[in-house]
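Taking it in order: structure first as C-alpha coordinates, then the write-up.
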Amino acid sequence: MIPRTLFSSEHETFRDSVRRFMEAEVVPQDEKWQEQGYADKAVWRKAGENGFLCPSMPPEYGGAGADKLYSVVLIEEQARANNSSLGFGLHSEIVAPYLLAYGPEALKKKYLPKMASGEMIGAIAMSEPGAGSDLQNIKTSALKKQNHYVVNGSKTFITNGWNCDLVIVVAKTDPSKGAKGTSLVVVDTSMKGFTKGRRLKKMGLKGQDTAELFFDNVEVPPENLLGQENNGFIYLMQELPWERMQIAIGAVAKAEAALEWTRTYVNERKAFGRTVSSFQNTRFKLAELATEVQIARVFVDRCIELLLQKQLTPENAAMAKYWTTDLECKVLDECVQLHGGYGYMWEFPVARAYVDARVQRIYGGTNEIMKEVISRSLGLGPKK
Ligand SMILES: Cc1cc2nc3c(=O)[nH]c(=O)nc-3n(C[C@H](O)[C@H](O)[C@H](O)COP(=O)(O)OP(=O)(O)OC[C@H]3O[C@@H](n4cnc5c(N)ncnc54)[C@H](O)[C@@H]3O)c2cc1C
(Lines give C-alpha, C1' and ligand atoms only; values in the text may rest on other atoms or scores of the structure.)
Protein backbone atom coordinates (compact mmCIF):
# COMPACT_ATOMS: atom_id res chain seq x y z
CA MET A 1 0.00 0.00 0.00
CA ILE A 2 1.17 3.51 -0.75
CA PRO A 3 1.66 5.28 2.61
CA ARG A 4 -0.67 8.16 3.37
CA THR A 5 1.05 11.42 4.20
CA LEU A 6 -1.86 13.62 5.21
CA PHE A 7 -2.13 12.95 8.91
CA SER A 8 -0.02 13.90 11.93
CA SER A 9 0.33 11.77 15.06
CA GLU A 10 -2.37 13.99 16.69
CA HIS A 11 -4.79 13.07 13.91
CA GLU A 12 -3.98 9.39 14.44
CA THR A 13 -4.57 9.68 18.20
CA PHE A 14 -7.89 11.32 17.41
CA ARG A 15 -8.63 8.46 15.00
CA ASP A 16 -8.09 5.93 17.77
CA SER A 17 -10.54 7.72 20.03
CA VAL A 18 -13.18 7.98 17.27
CA ARG A 19 -12.71 4.28 16.57
CA ARG A 20 -13.21 3.42 20.25
CA PHE A 21 -16.32 5.60 20.33
CA MET A 22 -17.75 3.83 17.28
CA GLU A 23 -17.07 0.42 18.85
CA ALA A 24 -18.48 1.31 22.27
CA GLU A 25 -21.35 3.72 21.58
CA VAL A 26 -22.43 3.20 17.99
CA VAL A 27 -21.97 -0.37 16.74
CA PRO A 28 -23.83 -2.05 19.66
CA GLN A 29 -26.91 0.16 19.20
CA ASP A 30 -26.99 0.27 15.46
CA GLU A 31 -29.31 -2.66 14.91
CA LYS A 32 -31.91 -1.01 17.15
CA TRP A 33 -31.57 2.26 15.25
CA GLN A 34 -32.02 0.49 11.94
CA GLU A 35 -35.17 -1.19 13.20
CA GLN A 36 -36.71 2.02 14.54
CA GLY A 37 -35.54 4.10 11.54
CA TYR A 38 -33.63 6.75 13.48
CA ALA A 39 -30.74 7.05 15.92
CA ASP A 40 -31.44 8.02 19.52
CA LYS A 41 -30.60 11.62 20.29
CA ALA A 42 -28.52 10.49 23.29
CA VAL A 43 -25.70 9.38 20.99
CA TRP A 44 -25.51 12.89 19.54
CA ARG A 45 -24.90 14.29 23.02
CA LYS A 46 -22.22 11.68 23.70
CA ALA A 47 -20.54 12.52 20.40
CA GLY A 48 -20.71 16.21 21.35
CA GLU A 49 -19.17 15.54 24.78
CA ASN A 50 -16.28 13.79 23.05
CA GLY A 51 -15.66 16.62 20.57
CA PHE A 52 -16.86 14.56 17.59
CA LEU A 53 -19.40 17.13 16.35
CA CYS A 54 -18.41 20.31 14.52
CA PRO A 55 -14.68 19.79 15.30
CA SER A 56 -13.53 22.65 13.09
CA MET A 57 -15.92 25.18 14.62
CA PRO A 58 -14.02 28.03 16.33
CA PRO A 59 -13.91 27.70 20.15
CA GLU A 60 -16.14 30.76 20.65
CA TYR A 61 -18.93 28.74 19.00
CA GLY A 62 -18.29 25.56 20.97
CA GLY A 63 -15.89 23.74 18.62
CA ALA A 64 -12.22 22.87 18.90
CA GLY A 65 -11.09 25.02 15.97
CA ALA A 66 -9.50 21.91 14.50
CA ASP A 67 -8.31 21.58 10.91
CA LYS A 68 -10.43 19.76 8.30
CA LEU A 69 -8.35 16.59 8.59
CA TYR A 70 -10.13 15.86 11.89
CA SER A 71 -13.39 15.94 9.94
CA VAL A 72 -11.83 13.58 7.37
CA VAL A 73 -10.92 11.17 10.19
CA LEU A 74 -14.49 11.26 11.52
CA ILE A 75 -15.95 10.51 8.09
CA GLU A 76 -13.49 7.67 7.50
CA GLU A 77 -14.04 6.04 10.87
CA GLN A 78 -17.82 6.17 10.56
CA ALA A 79 -17.54 4.45 7.18
CA ARG A 80 -15.09 1.92 8.56
CA ALA A 81 -17.55 1.12 11.38
CA ASN A 82 -20.13 0.51 8.63
CA ASN A 83 -22.44 3.02 10.24
CA SER A 84 -24.95 4.96 8.20
CA SER A 85 -27.45 5.81 10.93
CA LEU A 86 -25.78 8.98 12.10
CA GLY A 87 -26.05 12.13 10.00
CA PHE A 88 -23.06 13.64 11.82
CA GLY A 89 -21.30 14.68 8.61
CA LEU A 90 -24.26 16.62 7.25
CA HIS A 91 -24.78 18.32 10.63
CA SER A 92 -21.12 19.18 11.32
CA GLU A 93 -19.72 19.67 7.86
CA ILE A 94 -22.60 21.13 5.86
CA VAL A 95 -25.21 22.76 8.09
CA ALA A 96 -22.88 24.26 10.73
CA PRO A 97 -20.44 25.71 8.16
CA TYR A 98 -23.29 27.57 6.37
CA LEU A 99 -24.27 29.12 9.70
CA LEU A 100 -20.66 29.98 10.50
CA ALA A 101 -19.94 31.49 7.09
CA TYR A 102 -23.16 33.39 6.45
CA GLY A 103 -25.13 33.63 9.72
CA PRO A 104 -25.50 36.86 11.69
CA GLU A 105 -23.64 36.80 15.00
CA ALA A 106 -26.76 36.30 17.14
CA LEU A 107 -27.80 33.25 15.09
CA LYS A 108 -24.32 31.74 15.33
CA LYS A 109 -24.29 32.23 19.11
CA LYS A 110 -27.77 30.76 19.40
CA TYR A 111 -27.23 27.58 17.41
CA LEU A 112 -23.58 26.68 16.90
CA PRO A 113 -22.59 25.84 20.51
CA LYS A 114 -25.67 23.63 20.84
CA MET A 115 -24.87 21.94 17.54
CA ALA A 116 -21.32 21.26 18.75
CA SER A 117 -22.62 19.78 22.01
CA GLY A 118 -25.23 17.63 20.26
CA GLU A 119 -28.12 19.36 22.04
CA MET A 120 -29.43 20.51 18.66
CA ILE A 121 -29.41 18.65 15.36
CA GLY A 122 -29.21 20.41 12.01
CA ALA A 123 -30.61 19.60 8.57
CA ILE A 124 -30.53 21.27 5.17
CA ALA A 125 -33.60 21.22 2.97
CA MET A 126 -32.98 21.76 -0.73
CA SER A 127 -34.79 18.91 -2.49
CA GLU A 128 -38.53 18.97 -3.10
CA PRO A 129 -40.94 16.42 -4.49
CA GLY A 130 -40.66 18.12 -7.90
CA ALA A 131 -37.03 19.29 -7.89
CA GLY A 132 -33.75 17.65 -6.86
CA SER A 133 -31.04 18.03 -9.49
CA ASP A 134 -32.90 21.01 -10.91
CA LEU A 135 -32.75 23.16 -7.79
CA GLN A 136 -33.50 26.33 -9.73
CA ASN A 137 -36.99 24.97 -10.07
CA ILE A 138 -37.85 24.73 -6.38
CA LYS A 139 -41.25 26.05 -5.37
CA THR A 140 -40.80 26.68 -1.65
CA SER A 141 -41.02 30.41 -1.07
CA ALA A 142 -39.93 32.79 1.69
CA LEU A 143 -41.76 35.99 0.87
CA LYS A 144 -41.30 39.17 2.86
CA LYS A 145 -44.46 40.28 4.66
CA GLN A 146 -44.22 43.16 7.10
CA ASN A 147 -41.43 42.15 9.46
CA HIS A 148 -41.05 38.49 8.51
CA TYR A 149 -40.31 36.02 5.78
CA VAL A 150 -43.32 33.76 5.35
CA VAL A 151 -42.20 30.30 4.30
CA ASN A 152 -44.51 27.99 2.35
CA GLY A 153 -43.80 24.71 0.61
CA SER A 154 -42.55 21.19 1.19
CA LYS A 155 -39.23 19.39 1.10
CA THR A 156 -38.38 15.73 0.81
CA PHE A 157 -35.48 13.30 1.30
CA ILE A 158 -34.11 15.42 4.15
CA THR A 159 -31.30 13.77 6.13
CA ASN A 160 -31.73 14.26 9.92
CA GLY A 161 -35.20 15.48 8.96
CA TRP A 162 -37.02 13.70 11.76
CA ASN A 163 -34.54 14.37 14.57
CA CYS A 164 -33.63 17.91 13.57
CA ASP A 165 -34.09 21.06 15.67
CA LEU A 166 -33.16 23.54 12.95
CA VAL A 167 -33.28 23.44 9.18
CA ILE A 168 -31.55 25.59 6.59
CA VAL A 169 -34.28 25.96 4.01
CA VAL A 170 -33.51 26.82 0.40
CA ALA A 171 -36.41 29.01 -0.69
CA LYS A 172 -37.34 31.56 -3.31
CA THR A 173 -37.39 35.09 -1.94
CA ASP A 174 -38.03 36.38 -5.45
CA PRO A 175 -39.72 33.65 -7.51
CA SER A 176 -39.55 35.78 -10.67
CA LYS A 177 -35.74 35.60 -10.73
CA GLY A 178 -35.09 31.82 -10.78
CA ALA A 179 -31.76 30.88 -9.20
CA LYS A 180 -31.01 34.57 -8.63
CA GLY A 181 -34.08 34.85 -6.41
CA THR A 182 -33.06 32.07 -4.02
CA SER A 183 -32.12 32.52 -0.36
CA LEU A 184 -31.15 30.41 2.64
CA VAL A 185 -33.30 30.86 5.74
CA VAL A 186 -32.97 29.11 9.08
CA VAL A 187 -36.21 27.60 10.30
CA ASP A 188 -36.32 26.57 13.93
CA THR A 189 -38.48 23.47 14.16
CA SER A 190 -40.35 25.01 17.11
CA MET A 191 -41.78 27.68 14.77
CA LYS A 192 -45.54 27.67 14.18
CA GLY A 193 -46.57 26.15 10.86
CA PHE A 194 -43.57 23.84 10.57
CA THR A 195 -44.27 20.10 10.58
CA LYS A 196 -42.26 16.96 10.01
CA GLY A 197 -43.78 14.37 7.73
CA ARG A 198 -43.04 10.66 7.38
CA ARG A 199 -39.70 9.07 7.99
CA LEU A 200 -39.09 7.65 4.53
CA LYS A 201 -38.57 3.90 4.15
CA LYS A 202 -35.41 3.38 2.17
CA MET A 203 -33.50 0.64 0.39
CA GLY A 204 -30.51 1.31 2.67
CA LEU A 205 -29.38 3.83 5.31
CA LYS A 206 -32.13 2.27 7.36
CA GLY A 207 -31.15 3.84 10.66
CA GLN A 208 -31.01 7.34 9.19
CA ASP A 209 -34.05 9.55 9.65
CA THR A 210 -34.62 10.82 6.13
CA ALA A 211 -37.89 12.74 6.20
CA GLU A 212 -40.36 15.05 4.54
CA LEU A 213 -40.77 18.57 5.90
CA PHE A 214 -43.72 20.93 5.50
CA PHE A 215 -43.93 24.70 5.83
CA ASP A 216 -47.33 26.32 6.17
CA ASN A 217 -47.06 30.09 6.56
CA VAL A 218 -44.04 29.75 8.85
CA GLU A 219 -43.08 33.24 10.03
CA VAL A 220 -39.30 33.51 10.04
CA PRO A 221 -37.64 36.64 11.46
CA PRO A 222 -35.34 38.52 9.04
CA GLU A 223 -32.32 37.79 11.26
CA ASN A 224 -32.67 34.12 10.29
CA LEU A 225 -31.59 34.91 6.74
CA LEU A 226 -28.11 33.60 5.90
CA GLY A 227 -26.02 36.17 4.05
CA GLN A 228 -27.69 38.42 1.52
CA GLU A 229 -31.19 37.97 0.20
CA ASN A 230 -31.27 36.28 -3.25
CA ASN A 231 -27.65 35.09 -2.96
CA GLY A 232 -28.52 31.59 -1.73
CA PHE A 233 -27.46 29.84 -4.92
CA ILE A 234 -24.02 31.43 -4.85
CA TYR A 235 -23.52 30.21 -1.25
CA LEU A 236 -24.66 26.71 -2.19
CA MET A 237 -22.16 26.59 -5.06
CA GLN A 238 -19.27 27.72 -2.84
CA GLU A 239 -19.71 24.87 -0.37
CA LEU A 240 -20.23 22.12 -2.94
CA PRO A 241 -16.60 20.93 -3.44
CA TRP A 242 -16.21 20.10 0.28
CA GLU A 243 -19.66 18.45 0.39
CA ARG A 244 -18.76 16.28 -2.56
CA MET A 245 -15.36 15.42 -1.14
CA GLN A 246 -17.04 14.16 2.02
CA ILE A 247 -18.95 11.64 -0.05
CA ALA A 248 -15.78 10.58 -1.87
CA ILE A 249 -13.87 10.21 1.41
CA GLY A 250 -16.61 7.97 2.82
CA ALA A 251 -16.76 5.95 -0.41
CA VAL A 252 -13.06 5.09 -0.39
CA ALA A 253 -13.05 4.28 3.32
CA LYS A 254 -16.05 1.98 2.90
CA ALA A 255 -14.51 0.25 -0.12
CA GLU A 256 -11.31 -0.34 1.86
CA ALA A 257 -13.28 -1.76 4.77
CA ALA A 258 -15.26 -4.06 2.43
CA LEU A 259 -12.06 -5.39 0.89
CA GLU A 260 -10.75 -6.19 4.37
CA TRP A 261 -13.94 -8.02 5.43
CA THR A 262 -13.83 -9.96 2.19
CA ARG A 263 -10.13 -10.81 2.46
CA THR A 264 -10.78 -12.29 5.93
CA TYR A 265 -13.85 -14.17 4.74
CA VAL A 266 -12.33 -15.81 1.66
CA ASN A 267 -9.29 -16.89 3.69
CA GLU A 268 -11.59 -18.79 6.06
CA ARG A 269 -14.43 -20.06 3.86
CA LYS A 270 -13.90 -23.43 2.23
CA ALA A 271 -15.34 -24.90 -0.98
CA PHE A 272 -14.21 -28.04 -2.78
CA GLY A 273 -11.82 -28.73 0.11
CA ARG A 274 -9.92 -25.46 -0.40
CA THR A 275 -10.26 -21.92 0.86
CA VAL A 276 -12.19 -19.60 -1.44
CA SER A 277 -9.05 -17.43 -1.54
CA SER A 278 -7.15 -20.25 -3.23
CA PHE A 279 -9.25 -19.88 -6.42
CA GLN A 280 -7.48 -17.77 -8.97
CA ASN A 281 -10.70 -15.89 -9.69
CA THR A 282 -10.90 -14.74 -6.06
CA ARG A 283 -7.29 -13.65 -5.90
CA PHE A 284 -7.38 -11.82 -9.22
CA LYS A 285 -10.70 -10.16 -8.44
CA LEU A 286 -9.42 -8.87 -5.09
CA ALA A 287 -6.12 -7.83 -6.68
CA GLU A 288 -8.01 -5.79 -9.28
CA LEU A 289 -10.29 -4.17 -6.71
CA ALA A 290 -7.43 -3.41 -4.33
CA THR A 291 -5.60 -1.69 -7.19
CA GLU A 292 -8.58 0.47 -8.11
CA VAL A 293 -9.27 1.38 -4.48
CA GLN A 294 -5.61 2.31 -4.06
CA ILE A 295 -5.83 4.59 -7.11
CA ALA A 296 -8.95 6.17 -5.64
CA ARG A 297 -7.25 6.64 -2.28
CA VAL A 298 -4.27 8.46 -3.83
CA PHE A 299 -6.52 10.71 -5.92
CA VAL A 300 -8.83 11.53 -3.01
CA ASP A 301 -5.92 12.25 -0.67
CA ARG A 302 -4.46 14.63 -3.25
CA CYS A 303 -7.86 16.34 -3.59
CA ILE A 304 -7.99 16.71 0.21
CA GLU A 305 -4.56 18.31 0.11
CA LEU A 306 -5.78 20.77 -2.54
CA LEU A 307 -8.90 21.44 -0.51
CA LEU A 308 -6.79 22.32 2.53
CA GLN A 309 -4.83 24.72 0.32
CA LYS A 310 -8.15 26.15 -0.96
CA GLN A 311 -7.23 25.10 -4.48
CA LEU A 312 -9.66 22.27 -5.14
CA THR A 313 -11.75 23.04 -8.21
CA PRO A 314 -15.45 22.10 -8.48
CA GLU A 315 -14.62 19.75 -11.38
CA ASN A 316 -11.96 17.89 -9.37
CA ALA A 317 -14.42 17.43 -6.51
CA ALA A 318 -17.02 16.23 -9.04
CA MET A 319 -14.53 13.74 -10.48
CA ALA A 320 -13.76 12.43 -7.00
CA LYS A 321 -17.44 12.10 -6.08
CA TYR A 322 -18.49 10.41 -9.29
CA TRP A 323 -15.58 8.04 -9.71
CA THR A 324 -15.22 6.86 -6.10
CA THR A 325 -18.94 6.26 -5.60
CA ASP A 326 -19.18 4.26 -8.83
CA LEU A 327 -16.17 2.31 -7.61
CA GLU A 328 -17.67 1.80 -4.16
CA CYS A 329 -20.77 0.24 -5.71
CA LYS A 330 -18.66 -2.00 -7.93
CA VAL A 331 -16.45 -3.10 -5.03
CA LEU A 332 -19.43 -3.86 -2.81
CA ASP A 333 -21.12 -5.85 -5.56
CA GLU A 334 -18.01 -7.99 -6.09
CA CYS A 335 -17.48 -8.40 -2.34
CA VAL A 336 -21.06 -9.65 -1.88
CA GLN A 337 -20.39 -12.11 -4.72
CA LEU A 338 -17.24 -13.42 -3.06
CA HIS A 339 -19.21 -14.01 0.16
CA GLY A 340 -21.70 -16.22 -1.73
CA GLY A 341 -25.09 -16.60 0.00
CA TYR A 342 -23.74 -15.16 3.24
CA GLY A 343 -23.08 -11.93 1.41
CA TYR A 344 -26.83 -11.57 1.03
CA MET A 345 -27.47 -12.00 4.78
CA TRP A 346 -28.03 -8.88 6.84
CA GLU A 347 -25.75 -9.98 9.69
CA PHE A 348 -22.80 -9.78 7.33
CA PRO A 349 -21.51 -6.20 7.13
CA VAL A 350 -21.02 -6.49 3.39
CA ALA A 351 -24.79 -6.86 2.82
CA ARG A 352 -25.60 -3.63 4.58
CA ALA A 353 -22.69 -1.79 2.98
CA TYR A 354 -23.95 -2.94 -0.43
CA VAL A 355 -27.39 -1.36 -0.04
CA ASP A 356 -26.03 1.71 1.72
CA ALA A 357 -23.58 2.38 -1.11
CA ARG A 358 -26.18 2.76 -3.81
CA VAL A 359 -27.38 6.19 -2.75
CA GLN A 360 -23.88 7.63 -2.90
CA ARG A 361 -24.25 7.85 -6.68
CA ILE A 362 -27.51 9.79 -6.23
CA TYR A 363 -27.24 12.34 -3.43
CA GLY A 364 -24.88 15.30 -3.18
CA GLY A 365 -25.61 15.85 -6.86
CA THR A 366 -26.15 12.73 -9.00
CA ASN A 367 -23.19 11.28 -10.82
CA GLU A 368 -24.75 12.45 -14.08
CA ILE A 369 -24.71 16.01 -12.73
CA MET A 370 -21.04 15.45 -11.76
CA LYS A 371 -20.32 14.59 -15.39
CA GLU A 372 -22.09 17.79 -16.45
CA VAL A 373 -19.79 19.78 -14.14
CA ILE A 374 -16.71 17.99 -15.47
CA SER A 375 -17.73 18.36 -19.11
CA ARG A 376 -18.38 22.09 -18.67
CA SER A 377 -14.81 22.45 -17.35
CA LEU A 378 -13.67 20.80 -20.59
CA GLY A 379 -15.39 23.53 -22.56
CA LEU A 380 -18.14 21.19 -23.71
CA GLY A 381 -21.82 22.01 -23.68
CA PRO A 382 -24.78 23.17 -25.68
CA LYS A 383 -23.92 26.07 -28.01
CA LYS A 384 -25.61 29.26 -26.88
C1 LIG B 1 -31.03 9.02 1.32
C2 LIG B 1 -31.11 10.39 0.74
C3 LIG B 1 -30.73 11.49 1.51
C4 LIG B 1 -30.83 12.78 0.98
N5 LIG B 1 -30.56 13.86 1.79
C6 LIG B 1 -30.87 15.11 1.35
C7 LIG B 1 -30.77 16.23 2.22
O8 LIG B 1 -30.37 16.13 3.38
N9 LIG B 1 -31.15 17.44 1.74
C10 LIG B 1 -31.60 17.62 0.46
O11 LIG B 1 -31.93 18.73 0.10
N12 LIG B 1 -31.69 16.57 -0.39
C13 LIG B 1 -31.34 15.33 0.02
N14 LIG B 1 -31.45 14.25 -0.82
C15 LIG B 1 -31.93 14.48 -2.18
C16 LIG B 1 -30.87 14.26 -3.26
O17 LIG B 1 -29.91 15.29 -3.19
C18 LIG B 1 -31.60 14.18 -4.60
O19 LIG B 1 -32.34 12.98 -4.60
C20 LIG B 1 -30.65 14.22 -5.78
O21 LIG B 1 -30.06 15.49 -5.90
C22 LIG B 1 -31.36 13.88 -7.10
O23 LIG B 1 -32.51 14.63 -7.27
P24 LIG B 1 -33.90 13.91 -7.65
O25 LIG B 1 -34.11 12.83 -6.67
O26 LIG B 1 -34.93 14.94 -7.78
O27 LIG B 1 -33.62 13.22 -9.05
P28 LIG B 1 -33.87 13.90 -10.49
O29 LIG B 1 -33.23 15.23 -10.51
O30 LIG B 1 -35.31 13.80 -10.83
O31 LIG B 1 -33.04 12.92 -11.43
C32 LIG B 1 -33.57 11.74 -12.04
C33 LIG B 1 -32.52 11.22 -13.03
O34 LIG B 1 -32.32 12.20 -14.05
C35 LIG B 1 -30.95 12.51 -14.13
N36 LIG B 1 -30.77 13.92 -14.49
C37 LIG B 1 -31.36 15.02 -13.93
N38 LIG B 1 -30.91 16.13 -14.51
C39 LIG B 1 -30.00 15.75 -15.45
C40 LIG B 1 -29.15 16.43 -16.35
N41 LIG B 1 -29.15 17.78 -16.44
N42 LIG B 1 -28.34 15.70 -17.17
C43 LIG B 1 -28.31 14.36 -17.09
N44 LIG B 1 -29.09 13.65 -16.25
C45 LIG B 1 -29.90 14.33 -15.43
C46 LIG B 1 -30.40 12.24 -12.74
O47 LIG B 1 -28.98 12.07 -12.77
C48 LIG B 1 -31.15 10.99 -12.38
O49 LIG B 1 -30.52 9.87 -12.95
C50 LIG B 1 -31.30 12.95 -0.35
C51 LIG B 1 -31.63 11.85 -1.13
C52 LIG B 1 -31.56 10.59 -0.59
C53 LIG B 1 -31.97 9.43 -1.45
Verdict with reasoning, Asn230 to Thr182, per side chain to side chain contact (heavy atoms under 4.5 Å, CB included): CA-CA 5 Å; Asn230 295 333; Thr182 307; over 6 Å; no

Working for side chain to side chain contact (heavy atoms under 4.5 Å, CB included), residues Tyr265 and Val350: CA-CA 11 Å; Tyr265 183 81; Val350 75; over 6 Å; no

Asp356 vs Ser84, side chain to side chain donor-acceptor pair (under 3.5 Å): CA-CA, chis, key distance, verdict: CA-CA 7 Å; Asp356 283 353; Ser84 57; 2.8 Å; yes

CA sep, side-chain torsions, deciding dist, call: Tyr98, Tyr235, ring-ring contact (aromatic ring centres under 6.0 Å, His included): CA-CA 8 Å; Tyr98 277 118; Tyr235 305 146; 8.1 Å; no

Full working for side chain to side chain contact (heavy atoms under 4.5 Å, CB included) between Leu236 and Val170: CA-CA 9 Å; Leu236 290 174; Val170 180; 4.1 Å; yes

Verdict with reasoning, Thr173 to Leu143, per side chain to side chain contact (heavy atoms under 4.5 Å, CB included): CA-CA 5 Å; Thr173 29; Leu143 302 179; 5.8 Å; no

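In this structure, the separation between CG on Leu307 and CG on Asn316 is 11.0 Å, given to the nearest 0.5 Å. The distance from atom CE of Met115 to atom OH of Tyr61, rounded to the nearest 0.5 Å, is 14.0 Å. Annotation: the span from Ile374 atom CD1 to Asn367 atom CG amounts to 8.5 Å, rounded to 0.5 Å. We find the CG-CG distance between Leu378 and Leu380 to be 5.0 Å, quoted to the nearest 0.5 Å. The CD1 atom of Ile247 sits 15.5 Å away from the OH atom of Tyr322 when rounded to the nearest 0.5 Å.
In plain terms, the two heavy atoms of Lys144 and Glu229 that are nearest each other are NZ-OE1, 3.7 Å. Nearest heavy atom pair, residue Ala290 against residue Leu259, reads CA-CD1, 3.7 Å. Taking both residues in full, the closest heavy atoms of Ala255 and Val331 are given as O-CG1, 4.0 Å, listed atom of the first, atom of the second, then distance. Nearest heavy-atom pair across Asn217 and Val150 is OD1-CG1, 3.5 Å. Smallest separation of non-hydrogen atoms from Cys54 and Ser92: N-OG, 2.9 Å. Of all the heavy atoms in Gly232 and Leu184, the pair that sits closest is CA-CG, 4.0 Å.
Atom CD of Glu31 has 12 or fewer neighbouring heavy atoms from other residues, nucleotides or ligands inside a 6.0 Å radius. Within a 6.0 Å radius of CD in Glu334, more than 12 heavy atoms belonging to other residues, nucleotides or ligands are found. Within a 6.0 Å sphere centred on NZ of Lys285, other residues, nucleotides and ligands contribute 12 heavy atoms or fewer. Environment of NZ in Lys196: crowded, with over 12 heavy atoms of neighbouring residues, nucleotides or ligands closer than 6.0 Å. In this structure, Glu223 places its CD atom where more than 12 heavy-atom neighbours from other residues, nucleotides or ligands lie under 6.0 Å away. Atom OH of Tyr354 has 12 or fewer neighbouring heavy atoms from other residues, nucleotides or ligands inside a 6.0 Å radius. For Lys180, the NZ atom is loosely surrounded, since the number of other residues' heavy atoms within 6.0 Å does not exceed 12.
At distances below 3.5 Å, at least one donor-acceptor pair connects side-chain atoms of Asn160 with backbone N or O atoms of Gly87. Side chain of His91 to backbone of Gly122: a donor-acceptor contact under 3.5 angstrom is found. A donor-acceptor contact shorter than 3.5 Å links the side chain of Arg352 to the backbone of Asn82. When atom types are taken as modelled, the side chain of Gln78 and the backbone of Leu86 share a donor-acceptor pair closer than 3.5 angstrom. Using a distance-only test at 3.5 Å, with no hydrogens or angles considered, no donor-acceptor pair links the side chain of Thr140 to the main chain of Gly153. Counting only distance, with no hydrogens or angles, the side chain of Gln294 and the backbone of Ile2 share a donor-acceptor pair below 3.5 Å. Proximity of a side-chain donor or acceptor of Gln36 to a complementary backbone N or O of Tyr38 within less than 3.5 Å is detected. Not one N or O on the side chain of Lys270 forms a donor-acceptor pair closer than 3.5 Å with the backbone of Gly273. In this structure a side-chain-to-backbone donor-acceptor pair under 3.5 Å is present from Thr264 to Glu260.
Taking the charged nitrogens against the carboxylate oxygens, Glu76 and Arg15 do have a contact shorter than 4.0 Å, which makes a salt bridge. Using a 4.0 Å cut-off between charged side-chain N and carboxylate O, Arg19 and Glu23 make no salt bridge. A salt bridge links Glu305 to Arg302: at least one charged side-chain nitrogen sits closer than 4.0 Å to a carboxylate oxygen. Using a 4.0 Å cut-off between a side-chain N of Lys or Arg and a carboxylate O of Asp or Glu, Arg297 and Glu256 qualify as a salt bridge. A salt bridge links Lys330 to Glu292: one of the charged nitrogens lies within less than 4.0 Å of a carboxylate oxygen. Using a cut-off of 4.0 Å between Lys/Arg side-chain N and Asp/Glu carboxylate O, Lys32 and Asp40 are scored as salt-bridged.
Counting heavy atoms from C-beta outward, Trp346 and Gln34 have side chains that approach closer than 4.5 Å. Side-chain contact between Met22 and Glu25: absent, with no pair of heavy atoms (C-beta onward) separated by less than 4.5 Å.
Classification of the Phe21-Phe52 ring pair by plane angle, with boundaries at 30° and 60°, yields perpendicular. Phe348 and Tyr342 have tilted rings, their planes meeting at an angle from 30° to 60° on a 0 to 90° scale.
The hydrophobic cluster containing Ile121 also contains Leu53, counting ILVMFWY residues as joined when their side-chain heavy atoms lie under 4.5 angstrom apart, directly or transitively. Criterion: ILVMFWY side-chain heavy atoms under 4.5 Å apart, direct or through other members. Under it, Leu135 and Leu90 are part of a common hydrophobic cluster. One hydrophobic cluster, built from ILVMFWY side chains closer than 4.5 Å, cannot hold both Leu107 and Val169; they sit in different ones. Using a 4.5 Å cut-off between side-chain heavy atoms of Ile, Leu, Val, Met, Phe, Trp and Tyr, with links allowed through other members, Met191 and Met120 fall into different hydrophobic clusters. Hydrophobic cluster membership is shared by Ile94 and Leu226, with clusters built from Ile, Leu, Val, Met, Phe, Trp and Tyr side chains linked at under 4.5 angstrom.
Under the 6.0 Å cut-off for aromatic ring centres, Trp44 and Phe88 qualify, their centroids lying closer than that.
Lys41 and Asn163 share no side-chain donor-acceptor pair at under 3.5 Å.
Put simply, the residue from Thr210, Asp209, Ile158 that forms a side-chain contact (heavy atoms from CB on, under 4.5 Å) with Leu200 is Thr210.
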